[in-house]
**Q** 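Got a structure for you, questions after.
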Amino acid sequence: MNATPAPNPCTAALAAWGARCLPQPVLRLALAYSGGPDSTALLLAAQQAWPGRVLALHINHGLQAAAADFEAHARAFCAAHAIELQVRRVLARPARGQSPADAARQARYAALADLAQQAGAACVLLGQHADDQAETLLLALSRGAGLPGLAAMPERFERHGMAFGRPLLALPAAVLRQWLLTSGHGFVDDPSNSLQHYTRNRIRAVLMPAWETCFPGFRPLLARSAQHAAQAQTLLDELAQIDLAHTGVPPLIMALQDLSSERQANALRHWLRRSAAAAPSTAQLHELLGQIAACRTRGHRIHLRVASGWVNRVGPQLMFTRTGQTAQI
């Protein structure tokens with residue numbers, strides 16, 4: 001007698017995430033499909049949950065020799081499972097000071113959003129899992145990140161006018177891979193994942209096994225910590241909105257001085273992040289707070305480098321100007 005196949009571990013996670021984050025009913029759904037184990041398991045679960053309404057999206061960056069093989073596998077797999085597939089080839093040229101990986105990531109999100117919008121999809125599903133979330137949190141800790149970094153990857157976010165979702169953040173990678181191997185479903189492995197000159201790959205190869213030895217089953221616990229950080233950041237954002245309603249946007253210096261230094265810092269981070277997509281370093285923010293505290297006369301000048309631009313005093317207000325631009329925010 002043949003054994004009953006094990007259920008796809010993504011099924012329950014996808015159902016729970018969908019109940020929280022997806023508009024109902026689901027008429028059309030897209031999924032970023034690389035051909036790797038995480039996106040493969042998620043694609044099969046999505047197709048089972050919404051047969052005929054799932055569109056697989058494969059982005060070919062052409063950055064490595066295996067890219068053509070990945071695309072060929074994606075086409076064959078989707079054809080075998082009667083899943084609609086769209087492929088887009090992108091050429092991501094890094095800007096000055098930008099890494100090739102970051103340029104490829106930005107191009108990938110833009111292409112996914114464009115294809116999903118053209119198809120009328122409600123959301124693009126992504127296959128990041130608990131290992132990815134743990135690596136992201138450990139990377140943030142190693143860089144001395146604040147709450148936005150410690151919150152790691154959100155389960156739902158918007159980019160380029162499209163909603164993206166991560167239903168698998170509580171599932172370890174080994175669970176997905178084992179199910180695929182046991183069930184006989186093919187997938188591809190990205191050879192760049194073994195290159196340890198990438199920091200994330202070193203975390204995966206060296207640090208994650210050490211954590212597992214000391215703290216077995218730590219991945220869901222780190223994911224829980226990231227959720228706590230995200231909740232705390234939400235509260236800080238709400239407080240910043242209250243304070244910016246008092247200071248105005250752009251903020252009045254005298255109104256900022258009415259706040260504690262901690263609330264000033266929180267309001268300034270929020271203003272710069274939302275208005276200019278700028279994130280000041282700890283040193284930059286500390287210097288800015290000192291200048292605000294000292295600004296008691298008309299002649300006091302503020303002109304500080306912050307992220308990709310400058311924070312200036314213009315009359316009674318602080319203004320942000322990007323380097324090379326004259327427009328002020």
**Q** Could you name each residue pair satisfying ring-ring contact (aromatic ring centres under 6.0 Å, His included) that touches residues 215-265, not counting sequence neighbours?
**A** Trp211-Phe215, Trp211-Phe218

**Q** Indicate yes or no: at least one non-hydrogen side-chain atom of Pro316 is less than 4.5 angstrom from one of Ile253.
**A** no

**Q** I'd like to know if Leu252 and Val249 are part of one continuous hydrophobic network [Ile/Leu/Val/Met/Phe/Trp/Tyr, side-chain heavy atoms within less than 4.5 Å].
**A** no

**Q** Quick one: does any side-chain atom of Gln86 pair with a main-chain N or O of Ala56 as donor and acceptor, under 3.5 Å?
**A** no

**Q** Is the side chain of Thr234 donor-acceptor paired with the backbone N or O of Ala230 at a distance under 3.5 Å, no angle test?
**A** yes

**Q** So does Asp131 pair up with Arg204, basic N to acidic O under 4.0 Å?
**A** no

**Q** Could you work out, with side-chain contact (heavy atoms from CB on, under 4.5 Å) as the rule, every residue matching Ala307, not counting sequence neighbours?
**A** Ala278

**Q** Does His129 offer a backbone N or O that forms a donor-acceptor pair with the side chain of Asp132 under 3.5 Å?
**A** yes

**Q** Report the hydrophobic cluster partners of Tyr109, with the cluster defined as I, L, V, M, F, W, Y residues connected by side-chain heavy atoms closer than 4.5 angstrom, directly or transitively.
**A** Leu55, Leu57, Ile59, Val90, Leu112, Leu115, Val124, Leu126, Phe157, Met162, Phe164

**Q** Could you pull out every donor-acceptor pair under 3.5 Å between side chains of residues 18-26 and any protein atom, sequence neighbours left out?
**A**
from  : atom 1 : to     : atom 2 : distance (Å)
Arg20 : NE     : Glu155 : OE2    : 3.3
Arg20 : NH1    : Ala16  : O      : 3.4
Arg20 : NH2    : Glu155 : OE1    : 2.7
Gln24 : NE2    : Gly18  : O      : 3.4
Gln24 : NE2    : Leu22  : O      : 3.4

**Q** Before you tell me yes or no, could you show the steps for Arg202 and Thr199 under side-chain hydrogen bond (donor to acceptor under 3.5 Å, both in side chains), namely the whole-Å CA-CA distance, both residues' side-chain angles and the distance that decides it to 0.1 Å?
**A** CA-CA 5 Å; Arg202 291 198 300 275; Thr199 303; 3.3 Å; yes

**Q** Is a side-chain N or O of Glu238 found less than 3.5 angstrom from the main chain of Gln233, in a donor-acceptor match?
**A** no

**Q** Which residues pass the side-chain contact (heavy atoms from CB on, under 4.5 Å) test with Arg274, sequence neighbours left out?
**A** Asp237, Gln241, His270

**Q** Classify the side-chain pair Gln291/His300 by whether it contains a donor and acceptor separated by less than 3.5 Å.
**A** yes

**Q** Got a donor-acceptor contact below 3.5 angstrom from the Trp179 side chain to the Ala6 backbone?
**A** yes

**Q** Got a list of side-chain donor-acceptor pairs under 3.5 Å for residues 73-81, not counting sequence neighbours?
**A**
from  : atom 1 : to    : atom 2 : distance (Å)
Arg75 : NE     : Glu71 : OE2    : 3.2
Arg75 : NH2    : Glu71 : OE2    : 3.1
His81 : ND1    : Phe77 : O      : 3.0

**Q** Checking side-chain polar atoms at under 3.5 Å, does Arg296 have a donor or acceptor matched by the opposite partner on Gln257?
**A** yes

**Q** Treating Arg88 as the side-chain partner and His58 as the backbone partner, does any N or O pair qualify as donor plus acceptor under 3.5 Å?
**A** no

